[in-house]
Amino acid sequence: MKQNTILKTFASRFLILILNFGLVIYSTNMWGSEGKGFISLVIADLTVISFFANIFVGSSMSYFASKFKTEEILPFAYLWSVLVGILVPLIFRFNNASAYFGYLIMLSVLSSILAANVNLFVGQQNIRMFNIYTALQQIVHVIFILIIVYLIKITSVDAYFLAQIGSFGILLLGSSFQVFKTCDLKRISFSKKIGGKLFNYGWKTQLSAFLQFLNNRLSFYFLEYFKGVVSVGIFSVGIAFSEAIWTVSRSLSVVLYSDVLNNSNADEAIKKTKVSLKISFLVTLSFILAMLLIPGQLYSMIFGKDFSQTKEIILFLSPGILAIAVSNIIGHYFAGINKLRILNVKSLIGLVFTIISSFCIIPKWGIRGACIITSVSYCISSGILFWRFYQMTEFRFQDFILSKVEINLLLNKFLKKKLKF
């Protein structure tokens, strides 16, 4: 695996992590736990919609980018984005965040088309452009929030969503210009055969991703139903803080996935997967320990008095966060070799556990119960992936410990290379 590419991707993700922290801190202090609850619900709704959109704009774009011409796959992605972005939000018209229904439609359409462009870069092994646009989504969002709140003087929660719409719109124009430069618009076509392949690969990967998302976010909806929107806001901050640790895992996963798609050597792909496992496990464990050493009072000072439970939430989520950080690597390996059944199985089993236990535990234990359920679900689904991966390969404890050679290589890369992305 190209270490320089990994480091650039990590740098991009780390910048996103910092900006996400900033947004979480700003939104909790600006709009309180109730405002943060509404933001979390709309973003959760948007994520659900994205899973439907990603049937054509997600990993299927990356997977077939090297197999078909851009003008043969991009029209399906764009048309699907518009249809899904308008029709699917109708499902969410009756929840507590229904006041933001119009924003949800605009966010859905713009983010889906942008995702098609960005995922196309991954399939073309243009990780640099993927990193740039992924980071810019947060950077431009922050800039627009500052403009809308302090110059235009819109201080309600609407400012958050208006800024996000502006961010997606600007980046969509820029990325489309770059995509169309290498695309022969006169040869745009809708082939049933190609469309069928895109759909077949896309729905399988998205079924797994959607089920896993429900494992990750279903507790939001149970908390809203049983304990109210304020509890969602409190829980979401702990979740955001904890899941930020996945920065390293997601960076490695993107590079590994792109590598596997363009590499026919099975042994080399497994070797790269195991190296990624080591890095993800050790760095994630270090981040978790560091976050748990932060005094609980500091979280309250940063986010406000409503968020005194943040450290406790992180503690309960830690085992599951570590498990997912490592299993993400294996999941992208299976997606890269088009073995998608195991991804659906592990997500479905985790989801069944989440649904059954949520009805029993969340009404009694509230936020603490949601943490326990989420963490156990993460561990169950991750355990299934580990079991399947190590059925195919030899299990060694060394898979989770960096060798001296690998440590020296990484240190040399950090010291000698300037991160340009």
Side-chain angles (χ1 to χ4, degrees), residues 12-13 15-54 57-58 78 81-82 84-86 88-89 91-93 95-119 130-176 213 217 220 229 232-233 236-237 239-240 243-244 250:
S12 170
R13 293 286 183 172
L15 176 59
I16 295 168
L17 166 65
I18 299 300
L19 291 171
N20 273 335
F21 278 157
L23 273 176
V24 170
I25 294 169
Y26 181 84
S27 60
T28 54
N29 284 277
M30 183 73 180
W31 297 299
S33 56
E34 184 176 4
K36 185 65 176 70
F38 281 120
I39 290 171
S40 298
L41 287 172
V42 172
I43 298 303
D45 292 346
L46 180 62
T47 307
V48 172
I49 294 166
S50 74
F51 287 118
F52 291 96
N54 282 349
V57 310
Y78 281 16
S81 295
V82 175
V84 168
I86 293 174
V88 178
I91 299 171
F92 303 102
R93 289 197 66 178
N95 68 9
N96 281 347
S98 58
Y100 306 101
F101 173 70
Y103 295 147
L104 184 60
I105 289 181
M106 289 186 282
L107 287 169
S108 300
V109 174
L110 293 173
S111 64
S112 296
I113 299 176
L114 176 60
N117 294 344
V118 173
N119 285 314
F130 169 83
N131 290 334
I132 288 173
Y133 278 99
T134 304
L136 282 176
Q137 287 182 45
Q138 295 298 328
I139 295 171
V140 179
H141 188 193
V142 171
I143 293 172
F144 269 82
I145 285 178
L146 296 176
I147 292 172
I148 291 171
V149 172
Y150 297 105
L151 293 182
I152 303 178
K153 304 296 184 181
I154 298 176
T155 57
S156 65
V157 178
D158 296 65
Y160 184 96
F161 302 117
L162 289 170
Q164 201 166 30
I165 290 169
S167 171
F168 287 152
I170 291 291
L171 296 179
L172 176 57
L173 290 174
S175 61
S176 296
F213 165 79
R217 289 292 181 271
F220 278 30
V229 72
V232 177
S236 69
V237 171
I239 285 282
E243 292 182 355
R250 287 169 173 163

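The structure displayed is predicted, hence computed values, not measured ones.
Side-chain atoms of Trp31 never come within 3.5 Å of backbone atoms of Tyr26 as a donor-acceptor pair (strictly under, hydrogens ignored). Within the 3.5 Å criterion, the main-chain N or O of Leu172 finds a donor-acceptor partner in the side chain of Ser175.
The OG atom of Ser81 sits 11.0 Å away from the CD1 atom of Ile86 when rounded to the nearest 0.5 Å. How far CD1 of Ile113 is from CG of Leu173: 10.5 Å, rounded to the nearest 0.5 Å.
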Side-chain polar contacts of residues 136-147 - donor-acceptor pairs under 3.5 angstrom, sequence neighbours left out - could you list them?
| unit_1 | atom_1 | unit_2 | atom_2 | d |
| --- | --- | --- | --- | --- |
| His141 | NE2 | Tyr160 | O | 3.1 |

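Closest non-hydrogen pair, Ser111 versus Leu46, comes out as OG-CD1, 3.9 Å. Closest heavy-atom contact between Ile49 and Pro89: CD1-CG, 3.7 Å. Closest non-hydrogen pair, Gly174 versus Tyr133, comes out as C-OH, 3.1 Å. Contact record, Ala159 with Val149: CB-CG2, 3.8 Å, taken as the closest heavy-atom pair. Of all heavy-atom pairs spanning Asn117 and Ser176, the tightest one is ND2-OG, 3.1 Å. Taking both residues in full, the closest heavy atoms of Leu104 and Val42 are given as CD1-O, 4.0 Å, listed atom of the first, atom of the second, then distance.
Ile165 places a side-chain heavy atom less than 4.5 Å from the side chain of Leu110. The side-chain heavy atoms of Asp158 and Tyr103, taken from C-beta on, include a pair separated by under 4.5 Å.
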Worksheet item: Does the side-chain contact (heavy atoms from CB on, under 4.5 Å) test come out yes or no for Ile148 and Lys153, once each step is laid out?
Response: CA-CA 6 Å; Ile148 291 171; Lys153 304 296 184 181; over 6 Å; no
